[in-house]
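Report on the structure given below.
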Amino acid sequence: MSKVRVRFAPSPTGGLHLGGVRTVLYNYLFAKNKGGEFIVRIEDTDQTRFVPGAEQYIFDCLKWCGIEPDESPVHGGAYGPYRQSERKEQGIYKQYAEQLLQNGQAYYAFDTPEELDKMRNDFKTAENPSPQYDQHVRMKMKNSLSLTEAETKALLDAGTKNVVRIKMPEHEVVQFTDMIRGDIQNETNLVDDKVLLKADGMPTYHLAVVVDDYLMKITHAFRGEEWLPSAPVHVLLWKYLFGLDNMPQWAHLPLILGPSGKLSKRDGAKYGFPVFAMNWTDPKTNELTEGFKEKGFLPEAFINLLALLGWNAGTEQELFTKAALIELFSIDRVHSGGAKFDYEKAKWFNQEWIKKLPIKNYELIIKNEFAAKGISITDDAAFEKVLELVKDRCTLLPDFYTQAVFFFKTPEQLDIEAVKPKWNSDKAAFFSSWIEKLQTLTAWDFATIEESFKALATEKNIKPGELQLPFRIMLVGGKFGPPVFEIAATIGKEETVKRITNALSQF
RNA sequence: GCCGCGUUGGUCAAGGGGUUAAGACGCCUCCCUUUCACGGAGGAAUCACGGGUUCGAAUCCCGUACGUGGUACCA
């Protein structure tokens, strides 16, 4: 069997959302599992939707996810060019359209957009709210089927704007086997005469995907479920142009759903979770859509959670490295039903990966965040120790800041309400004399501090437990964080005493 | 409307004729911890509905409902 080659074919029109990344991921995992190649092809056939920066953005996202293409417009390869706009320049698509034309499998259509609108309007009925350009209406339209040969020729010679449409056969059943869904059948009567070549000479997706998959020797084609209805067009094109034997095996991936229907960037804004892999700012509207990266997700967690949205290993394991995913991935364990995206679970994956990975892996990101908030870290070793201390309490990367700032900065606000109800002069006295005792301490470590604290508490006849919360508020400012004595040991004697003194004046 | 695809707890899901219907997230209770977490122990599903087939159906078949996608010179 020939070498497995798969492709991810995004159109550079905006941000890369969850579903898109999952499609890339499944492509990639499948290819790598089979020792095959992963290609990225840019489907920029719609010039009206061109968005500057979108292509670069896609590659940035892939890089962040750790998914490197074997071939692409930026990585090169033997089957280029990898942008359809460039392929069109070479006349690649036109020749195939002409072949179809010659064989009577396609025809010229001269209808203007206005005429198409009119048709849709005229034929619209309650039973048929959206009439298609198909066998029922095509003879009533202006095309090389309804016109005489001479009329067509005249129109063509005059340079009249035209498109090439596929002529869907009547009463045929188009069948193919989907790797995920099995046997799929469609009646040709029900599908319309899709445009293959647009008036500007660009191919539509339908022609381009077939031609390019053939030319690039694609063996397995993954795409979203939304393509299922037009699959018969592609199958027919394969039959006409290159033979069904050469057709890649199709896999139509289930949709990723949001809280209400297909996941959209609107959902993200509405419910407060990211939908794109990385931050994306629309150059036209300047509208920012949040990304998982900037939200504080680890790429390891991101691909892990995406992989599990529609696939599972069939075991209880849920945490997988990229290498493990490559090893275990198999298409027959991919679900056919859509999955609703659950942000809570996504966060859990991230938390697990934060615990799992060495601090070194993401230390720099956190350090930058501290710097951005005005705290420059000079002692890396000490910083790492602090991060280690708080990592169990963090689900997203920015949590490290809130969980660890107080190690580097005296808290500005103390949660006084937490101590007030049980605060009294005895306790105040305890801390006053403890400060004095602390000054005499020669060692400064966890055990020594705790010992001193408990000894004095016993002496003063106060339960140590009743003093711990106030002490925590003094050092941290709130009811959270690692063990108090650990904190005191880390921030040092001088700072500890300073914070107690400062708090005492506020309680 | 028509066509396609789907439907196991709130969510992700295992299981594909005989099971006490796994597990995870989230939620709730408890333990640990005199903070918050982590960790641990528990709690919650008549497998969308209705008909079949079968000794027996979450599992196979048909229908219905619901969801979702498509119905563009967008991908």
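Note on naming: letters A, B, ... go to the chains in the order of the sequence lines (proteins, then strands), and numbering restarts at 1 for each one. Values in this document were obtained by computation on a predicted structure and should not be read as measured data.
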Run the salt-bridge test on [X] and [Y] with the 4.0 Å N-O cut-off and return the result as yes or no.
{"X": "A:Glu412", "Y": "A:Lys409", "result": "yes"}
{"X": "A:Asp192", "Y": "A:Lys194", "result": "yes"}
{"X": "A:Glu495", "Y": "A:Arg499", "result": "yes"}

Taking N and O atoms by type only, does the side chain of A:Arg393 place a donor or acceptor under 3.5 Å from a partner on the base of B:C36? yes

So does [X] get a side-chain nitrogen or oxygen closer than 4.0 Å to the phosphate oxygens (OP1/OP2) of [N]?
{"X": "A:Arg181", "N": "B:G4", "value": "no"}
{"X": "A:Lys355", "N": "B:G39", "value": "yes"}
{"X": "A:His335", "N": "B:U7", "value": "no"}
{"X": "A:Thr45", "N": "B:A75", "value": "yes"}
{"X": "A:Arg333", "N": "B:G15", "value": "yes"}

Expressed in angstrom and rounded to an integer, what is the separation of [X] atom [atom1] from [N] atom [atom2]?
{"X": "A:Asp415", "N": "B:C36", "atom1": "CG", "atom2": "C1'", "result": "12 Å"}
{"X": "A:Ile256", "N": "B:U11", "atom1": "CD1", "atom2": "C1'", "result": "14 Å"}
{"X": "A:Leu190", "N": "B:C5", "atom1": "CG", "atom2": "P", "result": "12 Å"}
{"X": "A:Asp134", "N": "B:G70", "atom1": "CG", "atom2": "P", "result": "19 Å"}

For RNA chain B, which residues of residues 49-59 of chain A approach it to below 4.0 angstrom with any heavy atom? A:Arg49

Just to be sure I understand the rule, does A:Pro254 reach a base, reach only the sugar-phosphate, or reach nothing, if contact means heavy atoms closer than 4.0 Å? nothing

What's A:Asp200 touching, base or sugar-phosphate or nothing? Going by heavy atoms closer than 4.0 Å. nothing

Can you name the residues that form a ring-ring contact (aromatic ring centres under 6.0 Å, His included) with A:Phe123, not counting sequence neighbours? none

Of all the nucleotides listed ([options]), which has the minimum atom distance to the side chain of [X]?
{"X": "A:Lys463", "options": "B:U34, B:G69, B:A75", "value": "B:U34"}
{"X": "A:Asn186", "options": "B:C73, B:C3, B:A13", "value": "B:C3"}
{"X": "A:Val163", "options": "B:A37, B:U34, B:C73", "value": "B:C73"}
{"X": "A:Val195", "options": "B:A72, B:C12, B:C73", "value": "B:C73"}

Mapping A:Asn312 and A:Ser336 to their closest nucleotides on RNA chain B, which lands nearer the 5' end? A:Ser336

Sorted by position of nearest nucleotide on RNA chain B, 5' first, the leading residue of A:Ile180 and A:Pro229 is A:Ile180

May I ask you to decide if the ring planes of A:Phe297 and A:Tyr343 are parallel, tilted or perpendicular, using 30° and 60° as cut-offs? tilted

A:Leu196, A:Val164, A:Ile166 screened by side-chain contact (heavy atoms from CB on, under 4.5 Å) with A:Leu100, the one that passes: A:Leu196

Stem segments of RNA chain B by first residue number [Watson-Crick or G-U, under 3.5 Å, at least 3]: B:1-7 with B:65-71, B:10-12 with B:23-25, B:27-31 with B:39-43, B:48-52 with B:60-64

Tell me if the aromatic rings of A:Phe453 and A:Phe471 count as close, with their centers under 6.0 Å from one another. yes

Do the ring centers of A:Phe507 and A:Phe431 come within less than 6.0 Å of each other? no

Can you tell me how far C1' in B:A21 sits from the matching atom in B:A57, rounded to whole Å? 13 Å

Using the C1' atom on both, measure B:U59 against B:G26 and round to a whole Å. 28 Å

Provide a list of protein-nucleic acid N or O atom pairs under 3.5 angstrom, restricted to nucleotides 27-32 of chain B.
none

Quick one: side chains of residues 47-54 of chain A, donor-acceptor pairs under 3.5 Å with protein atoms, not counting sequence neighbours, listed by atom name and distance.
unit_1, atom_1, unit_2, atom_2, d
A:Thr48, OG1, A:Asp46, OD1, 2.5
A:Thr48, OG1, A:Asp46, OD2, 3.4

Between N or O atoms, less than 3.5 Å apart, protein on one side and nucleotides 22-26 of chain B on the other: list the pairs.
unit_1, atom_1, unit_2, atom_2, d
B:A24, O4', A:Glu318, OE1, 3.0
B:A24, O2', A:Glu318, OE1, 2.5
B:A24, O2', A:Lys345, NZ, 2.9
B:A24, N3, A:Lys345, NZ, 3.1
B:C25, OP1, A:Trp348, NE1, 3.4
B:C25, O2', A:Lys345, N, 3.3

